[in-house]
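In what follows, chains carry the letters A, B, and so on, assigned in the order in which the sequence lines appear, proteins first and then strands, with residues in each chain numbered from 1. From a predicted model like this one, the values you see are computed outputs, not experimental measurements.
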There are 2 protein chains.
Amino acid sequence: MTTLLDVAKKANVSKMTVSRVINHPDKVTDELKQLVYEAMRELDYHPNVIAKALANNSTRIIKLCILEDIDTTEPYYMNLMIGIAKTLDLHQYSLQLVTRRNFDIGNCDGYIITGMRISDVDWIKDLKKPVVLFGENRYGFDFIDTNNKAGTYLLSQLALKKGYEKLIYVGIDSKESFEYSREAGYLQQVQEKRMVPELHRFGNHSHLSEDFIRQNWNKIPKNTAFICASDRLALGVERAIVRCGGKVPDEFGVTGFDGVFLNQVASPKITTIKQSIIQMGSACGETLLDKIQSGESQGSLVFEPKLSLGGTLRD
Amino acid sequence: MTTLLDVAKKANVSKMTVSRVINHPDKVTDELKQLVYEAMRELDYHPNVIAKALANNSTRIIKLCILEDIDTTEPYYMNLMIGIAKTLDLHQYSLQLVTRRNFDIGNCDGYIITGMRISDVDWIKDLKKPVVLFGENRYGFDFIDTNNKAGTYLLSQLALKKGYEKLIYVGIDSKESFEYSREAGYLQQVQEKRMVPELHRFGNHSHLSEDFIRQNWNKIPKNTAFICASDRLALGVERAIVRCGGKVPDEFGVTGFDGVFLNQVASPKITTIKQSIIQMGSACGETLLDKIQSGESQGSLVFEPKLSLGGTLRD
DNA sequence: GATTAAATTGTTACCGATAACATCAAACAA
DNA sequence: TTGTTTGATGTTATCGGTAACAATTTAATC
């Protein structure tokens, strides 16, 4: 392995000059820079990441904090991890998975946090290393997320275009930011069309939305579309409609949100918003690394939603 | 962060003694060892992995070499990577994914190789860092794999127990070791029962086995079970039987091997061997790290096959 | 009891980089 | 011309460990 010193000798300069060419090229004459670049190329020099890390006393470790319970049947977190790991590995960082319990064991260079609740805001603000959240928030933390509002807005719009005359929103009973945004998307579309909004909220389980629909079946007019905050809720709604003798998509429309796993096995597939968790995970990693390197906030990254057309809205 | 020096001071010894307590405890008196342990505990000392890596000039990088084409629809490699990464991250190693092309870019501490062919043996032997293969081989490399022979042996045995009177092996047309082993498992069972073996080999595509069965349908007696070398081939066989008017599992039995993804969507599910790729990936990582640390070969690890009962053998 | 071998502990240099400071030459002002 | 500022480069110490060697103590041998 060739080192800084080898390059320095070959270029007839000091180690420090070579180091500067790499890290602060503006502080070196063009003439020397050329010499150094040439030496590096000839010797096929690659900086030793480990030595660099020691000198900067950094750890090359990123902590991924998953603050909610992990549903192992959902490939959601797997995909997230794969996306993050892909980026981190590329830059020779390693990923450490932590939960609420083992959170502060060991040092690191930065955090990726997902599943934050309001009560977490304080300690996250106190963290001394750069942080990127996975999932939108309204506390000023940089984050990566799908444009939730645009998602439900688009789905609502599509449902209206397909001729459904009433839109009912079936949401998640939670105070998290993404839910507010999804509701906002629905509301905006409904208001633009001068319609009357109707919202219901449940825990994120298909049987809850299913029960609700069955119990209120007689109050639901035909030609209604249900804009659901998750595929899970959508699945419950669809099931209830079918069991009550309704026809999807002819008499009733249903849309979901997520498209991670359920969408692959459901039949008919739900018309939903597809999120590339892997890609978003990669973005998390990149944003965080940029933040670490520059020391500055990198802002948030919002992925525009992609419609995934299933069979639960008219064609 | 507390360092070796802090501990050394607290325990009134030299840095070196502390280092020895950690790495070569047998070379230090019990008395001093106690002092050092206490100091470490009181100061909550955790060794700095980066500094250690620099001193040992190691890279903390493991290369995962996938030598065959990656079928991205199969979660096989994803699972493998997840398993490996899980272990490596635990020990603060990072994983670098390489293929035939970018193989020798950059240094590393060890290799995990999968998809090796005979022509690869030479260069793998020449590698200067520890190697673990994923997938059995007969060239003396340490490996992790399912007990392939036991797998087909068990499936063949089960098929006979269920009353099928003839066993036909549908294999993969490849010279890789795992295929020989799967054939051997079938052959052993057949020979033990004094039956006449019948083997056919194809590329690993469902339509190849399907075509074969359909073309030879009139030569296949009822009450035959097909022992297939992969779920893919099994799927083709099952499809052919159904299209030719045969009944699975009443008239014909089918077994597969792998149970990774296809098994989740197929209907009926194939009776097959289930492999936990994630777990095996973890084992790969652990074996390799042990090998790196000890400098000695760790031998191979063979996972005993687990039957996954589907609907393609009689109950 | 003197000599030598073995076991234990401490010193020094080094892994490969970087920051902080020191040096030096050229450019500029008085 | 001389002193001062500026910019470019080199020196040294440091990050937190470890190996190789030196020094010291203890045990073993004759």
Check the distance between D/dT25's P and B/Lys27's NZ and give it to me in whole angstrom. 21 Å

How close or far is atom C1' of D/dG10 from atom CG of A/Leu32, stated in whole angstroms? 12 Å

Distance check: side-chain N/O of B/Thr29 vs OP1/OP2 of C/dA7, anything under 4.0 Å? no

Qualifying residues under side-chain hydrogen bond (donor to acceptor under 3.5 Å, both in side chains), relative to B/Asp142, sequence neighbours excluded: B/Lys291, B/Ser297

Taking every heavy atom of B/Tyr180 against every heavy atom of B/Lys175, the minimum-distance pair comes out as CE1-O, 3.5 Å

What closest approach, in Å, do A/Cys65 and A/Tyr111 show between heavy atoms, and which atom pair accounts for it? SG-CD2, 4.1 Å

Side chains of A/Thr114 and A/Tyr77, heavy atoms from C-beta outward: is any pair under 4.5 Å? yes

Heavy-atom protein contacts under 4.0 Å, nucleotides 11-19 of chain D, coded B base, S sugar-phosphate only, - none: B---BBBBB

Can B/Ser174 and B/Glu179 be said to form a side chain to side chain donor-acceptor pair (under 3.5 Å), step by step? CA-CA 7 Å; B/Ser174 127; B/Glu179 172 60 20; over 6 Å; no

Tabulated below should be each protein N or O lying under 3.5 Å from an N or O of nucleotides 26-28 of chain D; please produce it.
none

Candidates B/Gln275, B/Lys274, B/Glu304 - the one meeting side-chain hydrogen bond (donor to acceptor under 3.5 Å, both in side chains) with B/Thr146: B/Gln275

Donor-acceptor pair between B/Thr59 and B/Asp109 side chains, under 3.5 angstrom: yes

Using the rule given for side chain to side chain donor-acceptor pair (under 3.5 Å), can you reason through B/Ser294 versus B/Gln298, listing the C-alpha separation, both sets of side-chain angles and the distance that settles it, and then say yes or no? CA-CA 9 Å; B/Ser294 69; B/Gln298 296 293 306; 2.9 Å; yes

